[in-house]
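The structure under discussion appears below in the form of structure tokens.
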Amino acid sequence: MIRAVLPHPLLAAGLFATWLLLNGPLSAGDMVVAFLVALIIPQVMRQLEPDRSGVRSPGAILRLASYVAVDVVRSNYAVAAIIMGRRRHIRRSGFIHVPLDLRNRYGLAVLAIILTSTPGTLWVQYDRATGSLLLHVLDLIEEGEWIDLIKGRYERLLLEIFP
Amino acid sequence: MNPLIELPLWAAWLVVALALCGGLLALTGSIGLVVLKRFYERVHAPTLGATLGMTLIVLASMVFWSLSEGRFALRDLLIGVFLTVTTPVTLILLARAAAYRDRIEGDAQVPPE
């Protein structure tokens with residue numbers, strides 16, 4: 001019954017919040033329209049048959065968000081330093097292969113966003129058959145370090161969030 | 001009329017500092033586009049403006065509107081959310097196109113498929 005009205009509860013909540021944010025100060029009329037938007041658009045999405053997201057473990061989400069916030073600032077600084085020519089060692093950029101255990105599409109999408117949001121790493125290509133991710137790293141010091149960072153810091157938490 | 005004049009001085013400084021820092025980061029990213037040599041290195045540079053630079057500018061805008069309208073103006077959060085979600089699409093598309101072309105041209109630096 002609930003599934004018929006709310007096939008994707010997170011999407012509905014997101015649409016509701018987005019509509020209210022777009023329309024500025026809260027008013028009763030906007031609440032009604034936001035409610036309708038949140039009910040109707042997920043029905044359209046049903047035709048596209050997306051996988052269920054099934055997000056778990058709010059604790060892991062918070063931990064991941066804090067890691068990412070720190071890493072974004074740190075890597076912004078690192079890349080800015082490289083561009084401005086303030087680096088202490090000879091920089092070498094290159095490609096690395098990261099073997100991923102994460103198979104959930106939403107998990108992979110979040111990982112793509114994280115890796116793109118931290119300057120210095122660029123998602124080039126993911127092979128679904130082998131689970132291998134081709135990554136370009138701007139400041140490649142130690143290949144193993146990058147693989148440990150991505151697998152230990154992000155992928156472990158993403159596996160908890162998207163089982 | 002300049003609405004910045006109506007803000008208290010500390011708030012005006014805060015807004016200007018946030019916007020300026022964000023703008024400087026975006027500028028650094030643009031300089032990187034010129035300074036870095038290879039395509040795959042260049043693609044890293046503009047993400048400075050799209051991540052921390054964008055965050056700072058959005059923060060500046062949110063502080064400004066919240067103080068001048070006297071309520072929490074969270075609308076600009078949406079800019080941050082949508083930019084964060086859509087930037088990877090463009091970058092991955094560019095990277096894949098470049099990798100595809102380099103492989104066809106037999107560039108040894110790009111790993112084979």
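Chain identifiers are assigned alphabetically (A, B, ...) following the order of the sequence lines, protein sequences preceding nucleic acid strands; residue numbering begins at 1 within each chain. Nothing here was measured: the structure is a model prediction, and the numbers come from that model.
Interatomic distance, B:T28 OG1 to A:I82 CD1, rounded to the nearest 0.5 Å: 13.0 Å. The line from NE2 of A:H136 to CZ of B:F39 is 10.0 Å long, rounded to the nearest 0.5 Å. Taken from CZ in B:R96 to OH in A:Y126, the straight-line distance is 12.0 Å, to the nearest 0.5 Å.
Across every non-hydrogen atom of B:T47 and A:T116, the tightest pair is CG2-O, 3.8 Å. Across every non-hydrogen atom of B:F82 and A:T18, the tightest pair is CZ-CG2, 4.3 Å. Closest non-hydrogen pair, A:I83 versus B:G29, comes out as CD1-CA, 4.4 Å.
Hydrophobic clustering of Ile, Leu, Val, Met, Phe, Trp and Tyr side chains at less than 4.5 Å, counting indirect connections, unites A:Y154 with A:L140. Side-chain heavy atoms closer than 4.5 Å link hydrophobic residues (I, L, V, M, F, W, Y) into clusters, and following such links, possibly through other members, connects B:V15 to B:W10. A:I113 and A:V72 fall into different hydrophobic clusters, where Ile, Leu, Val, Met, Phe, Trp and Tyr residues are linked whenever their side-chain heavy atoms come under 4.5 Å apart, directly or through other members. Residues A:V70 and A:L64 do not share a hydrophobic cluster, defined by chaining ILVMFWY side chains whose heavy atoms lie under 4.5 Å apart. Side-chain heavy atoms closer than 4.5 Å link hydrophobic residues (I, L, V, M, F, W, Y) into clusters, and following such links, possibly through other members, connects A:L22 to B:L74.
Residue-environment remark: CZ (B:R75) stays at or below the threshold of 12 foreign heavy atoms within 6.0 Å. The neighbour count for A:F16 CZ, taken as heavy atoms of other residues, nucleotides or ligands under 6.0 Å away, is above 12. Enclosure of atom CH2 in B:W65 is not indicated, since only 12 or fewer non-hydrogen atoms of other residues, nucleotides or ligands lie within 6.0 angstrom. Enclosure of atom CZ in B:R38 by more than 12 non-hydrogen atoms of other residues, nucleotides or ligands within 6.0 angstrom is indicated.
With a 4.5 Å cut-off on non-hydrogen atoms, A:L134 touches chain B through its side chain but not through its backbone. With a 4.5 angstrom heavy-atom cutoff, B:L94 does not touch chain A via any of its atoms. For B:L78, the part sitting under 4.5 Å from any heavy atom of chain A is the side chain, from C-beta outward, and nothing else. Using a 4.5 Å cut-off between heavy atoms, B:A50 does not touch chain A at all.
Applying the side-chain contact (heavy atoms from CB on, under 4.5 Å) test between A:V79 and each of B:L52, B:L48, B:T51 identifies B:L48 as the sole match.
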The test is side chain to side chain contact (heavy atoms under 4.5 Å, CB included); show your working for B:T84 and A:S117 and say whether it passes. CA-CA 7 Å; B:T84 308; A:S117 306; 4.0 Å; yes
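Using a 4.5 Å cut-off on side-chain heavy atoms (C-beta onward), B:I31 and A:M84 make contact. Within the 4.5 Å cutoff, the side chain of B:H44 has no heavy atoms near those of the A:P119 side chain.
If you tally non-hydrogen atom pairs under 4.5 Å between each of A:T118, A:V137, A:T121 and chain B, the highest count goes to A:T121.
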